[in-house]
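What follows is a short report on a single structure.
Whatever order the structure lists them in is the order used to number ligands and atoms, beginning at 1.
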Amino acid sequence: MTAAESEADRAALIEAARAAREQAYAPYSRFHVGAALRFADGAIVTACNVENASYGLSLCAETNAVARAMGEGRRGGLLEVAISAGSEPAAPCGRCRQVLHELASLGGTDPLVMSAGDAEVREHRLSELLPGAFGPNDLGL
Ligand code: THU
């Protein structure tokens, strides 16, 4: 894959996260989030945040995307994550970092996490966002 293709892939993943954000159900916070996961086979899996009148039951976009991907049978191969929360970049919450780590560690990858705003995209490896993570290895898996 050339650098140009990779850049195009990343731009497409960010667009997928922005599109997923359109479906956000966030009447309480009004903070709409979309997430898109890209896998080694080229597949993209997206999701949005889904809130609940019992506020604490609200589900984040990244966690929903991981649940969707694992529900389709995916167990690793996670290469890139894009997050869209509006005009400014938004970091993934701690719980989402842990949930992403579970799927990533099953395939031994350290995905690039892109928090996309309109003018700025913040990029970090998941291992930077969650150093020394607890995961399946700690339980002997
Ligand atoms: N949210 C996400 O979807 N992902 C995150 O990583 C941070 C927060 C959602 C949860 C809630 O619906 C809204 O954003 C405000 O916290």
Side-chain angles (χ1 to χ4, degrees), residues 1 3-141:
M1 183 182 292
E5 282 168 335
S6 172
E7 279 304 307
D9 283 347
R10 287 178 187 174
L13 196 68
I14 288 168
E15 278 314 307
R18 289 188 177 127
R21 181 173 178 265
E22 298 291 314
Q23 303 304 326
Y25 175 69
Y28 308 107
S29 72
R30 296 185 186 154
F31 192 72
H32 293 200
V33 186
L37 314 179
R38 191 166 70 79
F39 290 86
D41 65 358
I44 290 176
V45 176
T46 65
C48 59
N49 57 331
V50 178
E51 297 188 344
N52 192 280
S54 178
Y55 299 163
L57 302 184
S58 296
L59 299 168
C60 289
E62 303 92 311
T63 290
N64 284 339
V66 169
R68 200 171 190 179
M70 295 191 76
E72 292 175 0
R74 295 188 176 276
R75 298 290 187 270
L78 180 59
L79 297 182
E80 292 175 341
V81 179
I83 302 162
S84 171
S87 56
E88 297 301 320
C93 80
R95 183 175 189 265
C96 287
R97 294 176 196 205
Q98 181 70 31
V99 169
L100 287 165
H101 175 71
E102 182 81 18
L103 178 54
S105 65
L106 293 177
T109 60
D110 186 12
L112 185 70
V113 179
M114 299 177 285
S115 294
D118 286 344
E120 183 192 356
V121 179
R122 287 190 200 139
E123 298 187 351
H124 299 280
R125 289 286 160 189
L126 183 60
S127 61
E128 290 178 73
L129 296 173
L130 193 66
F134 178 80
N137 288 347
D138 293 291
L139 296 176
L141 297 180

| Does any pair with a residue in residues 56-65 pass side chain to side chain donor-acceptor pair (under 3.5 Å), and if so which ones, sequence neighbours excluded? | none
| request: Return the set of residues passing side-chain hydrogen bond (donor to acceptor under 3.5 Å, both in side chains) with R68 (not counting sequence neighbours), or none when no residue passes. | output: none
For ligand 1, run through the N/O pairs with the protein that fall under 3.5 Å and put one pair on each line.
| from | atom 1 | to | atom 2 | distance (Å) |
| --- | --- | --- | --- | --- |
| ligand 1 | 3 (O) | A61 | N | 2.9 |
| ligand 1 | 4 (N) | E62 | OE1 | 2.8 |
| ligand 1 | 6 (O) | E62 | OE1 | 3.3 |
| ligand 1 | 6 (O) | E62 | OE2 | 2.7 |
| ligand 1 | 6 (O) | C93 | N | 2.9 |
| ligand 1 | 12 (O) | N49 | ND2 | 2.9 |
| ligand 1 | 12 (O) | E51 | OE2 | 2.5 |

| Got R74 and D41 here, is their nearest side-chain heavy-atom distance under 4.5 Å? | yes
| query | Which residue pairs pass the salt bridge (Lys or Arg N to Asp or Glu O under 4.0 Å) test when at least one of the two sits in residues 13-23, sequence neighbours left out? | reply | E15-R18
| Heavy-atom donor-acceptor pair, S84 side chain to G34 backbone, under 3.5 Å | no
| said: How about CZ on R125, more than 12 heavy atoms from neighbouring residues, nucleotides or ligands closer than 6.0 Å, or not? | reply: yes
